[in-house]
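This report refers to the structure that appears directly beneath it.
In the text below, chain A, chain B and the rest are named by the order of the sequence lines, each starting its count at 1.
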4 protein chains.
Amino acid sequence: MSIQQRPKYKQIIDAAVKVIAENGFHRSQVSKIAKRAGVADGTIYIYFKNKEDILVSLFKEKMGQFVEKIEAEIKEKKDAKEKLLTMVKVHFDQLAADYPLAIVTQLELRQSETEIRMAINNVLKKYLHVIDGILEEGKQQGVFRDAIDIRLARQMIFGTLDETVTNWVMNDHKYELRDLADPVGDLLVNGLSR
Amino acid sequence: MSIQQRPKYKQIIDAAVKVIAENGFHRSQVSKIAKRAGVADGTIYIYFKNKEDILVSLFKEKMGQFVEKIEAEIKEKKDAKEKLLTMVKVHFDQLAADYPLAIVTQLELRQSETEIRMAINNVLKKYLHVIDGILEEGKQQGVFRDAIDIRLARQMIFGTLDETVTNWVMNDHKYELRDLADPVGDLLVNGLSR
Amino acid sequence: MSIQQRPKYKQIIDAAVKVIAENGFHRSQVSKIAKRAGVADGTIYIYFKNKEDILVSLFKEKMGQFVEKIEAEIKEKKDAKEKLLTMVKVHFDQLAADYPLAIVTQLELRQSETEIRMAINNVLKKYLHVIDGILEEGKQQGVFRDAIDIRLARQMIFGTLDETVTNWVMNDHKYELRDLADPVGDLLVNGLSR
Amino acid sequence: MSIQQRPKYKQIIDAAVKVIAENGFHRSQVSKIAKRAGVADGTIYIYFKNKEDILVSLFKEKMGQFVEKIEAEIKEKKDAKEKLLTMVKVHFDQLAADYPLAIVTQLELRQSETEIRMAINNVLKKYLHVIDGILEEGKQQGVFRDAIDIRLARQMIFGTLDETVTNWVMNDHKYELRDLADPVGDLLVNGLSR
DNA sequence: GATGAATGAGGGTTCATTCAT
DNA sequence: TATGAATGAACCCTCATTCAT
């Protein structure tokens with residue numbers, strides 16, 4: 001069931017993002033999310049199995065859209081280098097455009113129980129596959145070095161982007177995240193090119 | 001006050017690492033740490049202000065040693081590239097040699113309140129300065145590109161190492177982390193070199 | 001309003017017996033009874049004032065039939081002793097023939113609030129009157145001792161039957177309840193006879 | 001650990017009896033019991049595993065004493081009939097002397113989950129063994145009929161006593177329970193004698 | 001310094017009941 | 001009549017911290 005067709009489902013997820021971004025993960029009680037969503041506490045449990053399910057669903061919905069957007073934009077590029085640069089740009093663009101979401105995904109959701117984080121990791125796999133695809137294409141096109149280990153390169157790319165965004169969030173987005181897309185992209189491309 | 005001079009202080013910190021590694025952050029109550037350390041619950045509060053203080057102190061002590069070891073090893077190298085490669089190697093070596101500590105720093109401690117993680121980040125600053133030093137030296141030596149933004153490069157380096165170790169921990173250290181030191185180091189050096 | 005004329009009323013009561021027998025009193029939510037009866041949750045409240053009313057009505061309907069059956073059978077007997085023996089037999093017969101009902105009346109309904117049990121006790125009064133009638137008749141006929149206190153004898157009879165059936169239910173009806181009718185009847189008659 | 005040696009344990013159990021007798025089982029929250037016992041809510045959980053454990057322990061302690069008293073008194077009697085009459089007398093005496101306890105055991109505790117009632121039944125087994133002992137002795141002494149089925153007779157005795165006390169409680173102990181000991185005892189003895 | 005019994009605030013979840021359709 | 005989505009009050013238990021000994 002998508003976000004569009006169930007208004008309360010969407011309301012609750014959006015409320016959860018705001019409440020967690022504003023109060024921090026541990027001060028975000030279900031009752032606070034319900035109040036912010038304009039529904040009763042019990043209504044939450046019509047749409048979600050439990051509190052954990054809100055968080056995982058939140059991540060699925062938001063990251064689903066996130067990755068779809070990235071996939072759509074890189075599909076139009078031919079060159080693996082351009083795909084990578086585009087990916088970095090769209091990655092930063094989306095989080096810069098939704099600061100509360102950035103707080104939640106970069107900081108707050110990581111405080112959750114190991115179980116939730118496992119579910120979150122599953123959602124992330126799709127993104128990691130996109131990265132792997134670019135890397136393999138780059139090797140076939142001869143723009144990335146053959147010797148590159150896909151897994152390590154993927155960890156470098158994801159680790160770099162993640163660390164960059166987390167630092168931006170922790171510094172209260174004092175600077176423009178979008179301005180970092182090009183230099184960070186260059187850094188990564190440089191590390192991979194022949 | 002150093003670890004050596006206060007036996008119970010050290011006992012408690014070491015107990016905390018073991019308990020958190022074995023039980024996970026959320027199942028690591030103060031009473032469990034006390035029991036494992038062989039002291040009474042109340043004794044904890046003679047050596048630490050509160051539970052948060054145990055975690056931050058743990059990180060300070062362990063990361064202090066961690067960074068000192070890295071500093072000592074790279075001091076003997078002249079070339080910035082070699083310093084970087086050595087740093088990666090010693091970073092991986094130390095965590096591979098102490099798996100419980102790796103679990104705690106890579107996974108469990110990140111579940112703590114945002115405030116604790118801010119304190120932890122302060123402790124990390126010393127490590128980040130070491131990285132910055134290598135980068136600046138590399139630019140002066142002419143081995144790293146002039147155009148490189150120190151902050152971004154530092155985030156790439158730290159993000160890559162962190163992501164690599166986290167993946168290794170999450171995969172139950174099924175493979176040898178030490179084997180990744182050379183390829184990961186090469187990847188990073190490649191990204192920075194002229 | 002009798003069971004016959006309102007199909008949904010009957011459906012709901014029969015569903016309640018099944019649901020409570022299968023799930024136990026505390027796991028028998030109104031919504032579960034509604035689903036089993038094939039009606040919407042809200043429909044329940046057209047036929048019953050509240051959940052308590054379902055339980056009391058259930059007891060009224062089922063115990064009404066139960067006592068009517070007993071009255072009909074003993075009417076055909078002349079001798080008070082025979083009436084008593086018949087009563088025991090029909091009491092056991094009916095519950096042995098409807099095990100779910102036995103579970104509900106002997107075990108599950110007793111977990112209800114004291115108030116509901118008071119209402120249930122009111123329903124039982126009719127049965128207790130039947131017992132009293134037999135006892136008085138027996139004293140008039142000279143087959144039961146004059147000195148017998150009606151109230152105490154009634155409590156002995158009802159207590160004995162109740163305890164016997166409850167034990168049978170608690171032992172998962174491993175043995176034939178009907179086989180106990182004669183020996184239990186004899187025991188009681190012996191206690192009352194001159 | 002007996003009641004005497006742990007003052008808080010005893011306080012909590014005694015408070016539970018009073019609170020349940022006054023408020024009814026379902027309105028007896030742990031916090032209410034704690035307040036009545038003069039301890040903090042958390043203290044309850046030092047002495048009891050959970051709420052259920054309070055109830056089962058309550059029953060064990062109180063019924064343990066109850067049965068011990070009965071055993072001690074009948075030990076002094078030789079004749080099985082006298083033992084039975086004494087048992088009835090001491091049974092009624094004890095509950096008449098502690099009306100709150102009578103409310104709790106006869107009415108309120110029966111509203112508990114099936115699991116608790118199973119534990120309670122285990123405690124009762126000791127009492128049922130005492131009854132069985134008297135019955136067997138009576139048969140050996142030739143005062144009770146040989147044909148008597150021990151299990152059925154035990155159910156008659158326990159059922160009669162239980163029903164009698166429950167009726168007394170439900171009638172707000174308007175009459176003297178102790179006055180019923182002799183007539184009820186006679187009724188039972190009559191039912192068993194040759 | 002060391003102990004450990006005692007404290008008490010805090011929150012996820014259930015479910016009987018309502019009411020707009 | 002019938003529906004079923006929505007409501008919101010109610011409660012057991014955990015665990016960081018204290019303090020009398």
With a cut-off of under 6.0 Å to the ring centre and 45° to the axis, is B:Lys51 in cation-pi contact with B:Phe25?
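Yes, B:Lys51 sits over the ring of B:Phe25.
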Non-neighbouring partners of [X] that pass side chain to side chain contact (heavy atoms under 4.5 Å, CB included), sequence neighbours left out:
| X | value |
| --- | --- |
| A:Arg27 | A:Asn23, A:Lys32, B:Glu113, B:Glu115 |
| B:Val169 | B:Tyr99, B:Ala102, B:Ile103, B:Gln106, B:Leu107, B:Val165 |
| B:Asp98 | B:Pro100, B:Leu101 |
| D:Val39 | D:Lys8, D:Gln11, D:Ile12, D:Ala34, D:Ala37, D:Thr43 |

Set of residues satisfying salt bridge (Lys or Arg N to Asp or Glu O under 4.0 Å) with respect to [X], sequence neighbours excluded:
| X | value |
| --- | --- |
| C:Glu52 | none |
| B:Asp162 | B:Arg110 |
| B:Arg117 | none |

Could you state the atom-to-atom distance from [atom1] of [X] to [atom2] of [N] in whole Å?
| X | N | atom1 | atom2 | result |
| --- | --- | --- | --- | --- |
| A:Ile12 | F:dA5 | CD1 | P | 14 Å |
| B:His26 | E:dG11 | NE2 | P | 14 Å |
| D:Phe48 | F:dC12 | CZ | C1' | 16 Å |
| D:Lys32 | F:dC11 | NZ | P | 8 Å |
| C:Phe25 | E:dC15 | CZ | P | 12 Å |
| C:Gln11 | F:dT3 | CD | C1' | 15 Å |
| D:Ile46 | E:dT7 | CD1 | C1' | 8 Å |
| B:Ile44 | F:dC15 | CD1 | C1' | 13 Å |

With nearest nucleotides of DNA chain F determined for A:Ala40 and C:Tyr47 from heavy-atom distances, which residue corresponds to the more 5′ nucleotide?
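Whichever sits nearer the 5' end wins; that is C:Tyr47.
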Assign each of B:Arg27 and C:Thr43 to its nearest nucleotide of DNA chain F by heavy atoms, then name whichever residue's nucleotide is nearer the 5' end.
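Its nearest nucleotide lies further toward 5', so the answer is C:Thr43.
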If a protein heavy atom is under 4.0 Å from the base, mark B; if only from the sugar-phosphate, S; if neither, -; do that for nucleotides 16-21 of chain E going 5' to 3'.
SBB---
Angle, rounded to 10°, between the helical axes spanning five pairs at each terminus of the helix from E:dA2-F:dT21 to E:dT21-F:dA2?
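It works out to 10° between the end axes.
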D:Lys8 side chain near E:dA5 phosphate (N/O to OP1/OP2, under 4.0 Å)
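So the side-chain polar atoms of D:Lys8 never come under 4.0 Å of the phosphate oxygens OP1 or OP2 of E:dA5.
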Roughly how far, to the nearest 0.5 Å, is the CD atom of A:Gln111 from the CG atom of A:Leu55?
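If we round to the nearest 0.5 Å, A:Leu55:CG and A:Gln111:CD are 11.0 Å apart.
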